[in-house]
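Remarks on the structure that follows.
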Amino acid sequence: MAENGFRISKTPVWKKLKEHAEEMKKPEYHLKHLVQQKGRLANFSLKNVDFFYDFSRQRVTEKTMDLLFELADTADVHRKYRAMAEGQKVNVTENRAALHTAARSFSSQSILMDGKNVMGEIDAVRRQIRAFSEKVHNGTLRGSTGKVFRHIVVIGIGGSYLGTEFVANALFAFADKGMELHFLSNVDSHNFETIKTKIDPESTLCIVISKSFTTVETMANAMQMKAYLSSCGLDAMKHCVTVTSKGSPGDKGEESGIETFHMFDFIGGRFSVTSAVGGVPLSLYLGYDRFDRFLEGAREVDIHTKYAPSPENIPLVSALIGIWNNNFLGYQAQAVIPYASPLSKLAPHIQQLNMESNGKSVTINNYDLDNSSGVIIFGEPGTNAQHSFFQLAHQGHPFPIDFIGVVSPQYPEGRCRPHGVSNHQELWANLISQATALAVGKDAEEKTRFFQGNRPSSTILLNDLSPANVGRLLAYYEAQTVYKAFIWDINPFDQFGVELGKTIANDLRKEIVSRNTNDGHNFKHMDEITRFYLERLFAGKLPE
Ligand SMILES: O=P(O)(O)OC[C@H]1O[C@](O)(CO)[C@@H](O)[C@@H]1O
């Protein structure tokens, strides 16, 4: 593999940041001092598009930010972002554009890809989704025995469901269409069996979501669900629709069910929740108008992201701080801790978005990366996280945290005020306290009660969890992800790393099929360890 060529880690500004990181280890730069600086919050926070981003508890100074903006310029990130948003084939390894931002574009302005305006087909799919969801809601479209649909089962995995699950949970308070939404993603029968106990087959509509329509888990689950519906005496295909790419096996004939909605090869799975992947289930669950509001919020952040200069550009500032923490301060993990239970499925979505996009080892020009790209993302809602892994956050190996706060609660506050405060106020007391405790720490004679502090965090504030604000949050994380990639000069839109496991599983599946069809088939030709596991699978128990 070529060993020379442009790498951001070989630029002068990267060297300056490395030197600066050493400087930032000095005691005077401990966060307990930085947060005391006059104007610290005003100088290290941004407010735009109804989104407040506080990075005052990040281990940065004005000099740090100046160097990071120089890094962004060196990486030419604004040109790269515009190239992506304007339809250039930035996904060079798959020779594709990456136009997830087009899925929520409303302007009449064309977005050309290969000289063709993609907005025509995007608008057509949005109109198709609106019309379909209205027919389901007004009872024009019913199950094969005439019952109205009340259960929506999304059958898909990875980007074909994670973003939708995050948004559906976030907007639970708006789900007033009488629909229950279920997610059948894992091939483990438990997922299918538990959903079976919750649905009424006659009023169930399955949405099989798969760009390729070859993903083994999704195809297996779709077959299981269709077999189950048929066993209930139903015409299964009158209880299914598909969301898939044009020309896939799910785009025609028997497989497509009542209707097919197209997803496009220029929108990657983990970036697809604002396309039909999220549009069909979310319009059924929330109503198309709320899905529209969600798209508008995402759109506002896209416009901000594309045009705001670096110092005011919230996703870019956040991406730069993420790189500062990862590549210069040495943190290898990043937590997303929303102090809002409706955001409980945000971290699983952000895991795929970040780790499948940026967990790479070569640059976009195929040079070895000699800096890590991508961090381990995890998270749980607060205050639960405080009773789970915050011991380590405070006194163990540190990791940066993105806190998320929602100013207005989704539910009216009752008159009951345990300890003199409402639950929402209690939630906020903890949101505020945790970021402070992590930054400032606490001295103590007894070592076990000493808090080192100097543990960085950012806090994102949203006015409320409206469809538009959830759209803003989604677009913020998508933009942060791609800006990080543009700085590292990697391709965030391919995912060859998922292929090897699938290939080995395909070979094992053939062995299992052979044994299923011929009891005499043995695994003596397999390596010892693989043989042990296959024999356990068929023995149905551990060795005596
Ligand atoms: O939509 P498909 O083709 O079933 O793929 C499902 C998921 O599998 C992956 O291809 C690999 O994890 C993801 O990128 C994608 O979201």
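Read the numbers this way: they start at 1 and go in the same order the structure lists the ligands and their atoms.
Atom 12 (O) of ligand 1 has Glu356 OE2, 2.9 Å as its closest protein atom, hydrogens excluded (heavy atom only). In terms of protein heavy-atom proximity, atom 5 (O) of ligand 1 is nearest to Thr215 OG1, 3.5 Å. Among all protein heavy atoms, the one lying closest to atom 1 (O) of ligand 1 is Ser160 OG, 2.7 Å.
Within ligand 1, the atoms closer than 4.0 Å to a non-hydrogen atom of Ser212 are 2 (P), 3 (O), 4 (O), numbered from 1 in the order shown. For ligand 1, the atoms closer than 4.0 angstrom to any heavy atom of Gln352 are 13 (C), 14 (O), 16 (O). Atoms of ligand 1 lying under 4.0 Å from at least one heavy atom of Gly269, given by number and element, are 16 (O). Using a 4.0 Å cut-off to heavy atoms of Ile157, the atoms of ligand 1 that qualify are 6 (C), 7 (C).
Between Phe399 and Phe378, the two ring planes are perpendicular [angle over 60°; tilted spans 30° to 60°]. Between Phe271 and Phe493, the ring planes lie tilted relative to each other; the angle falls in the 30° to 60° range.
For ligand 1, one of its N or O atoms has an N or O atom of Gly159 under 3.5 Å away. An N or O contact shorter than 3.5 Å is missing between Lys502 and ligand 1 by distance.
Salt bridge status for Asp114 with Lys89: present, with a side-chain N to carboxylate O gap under 4.0 Å.
If you check the side chains of Ser466 and Asp464, you find a donor sitting under 3.5 Å from an acceptor. Counting only N and O atoms by type, the side chains of Asn491 and Thr93 include a donor and acceptor under 3.5 Å apart.
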Applying side-chain contact (heavy atoms from CB on, under 4.5 Å) to Arg130 and Asp289, what does each step give before you reach the verdict?
CA-CA 8 Å; Arg130 179 191 285 275; Asp289 287 344; 3.1 Å; yes
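Per-atom contact check: atom 8 (O) of ligand 1 does not touch the protein, criterion being a heavy-atom distance below 4.0 Å.
Of the residues listed (Arg104, Lys484, Arg270), the one engaging Glu478 in a salt bridge (Lys or Arg N to Asp or Glu O under 4.0 Å) is Arg104, and it is the only one.
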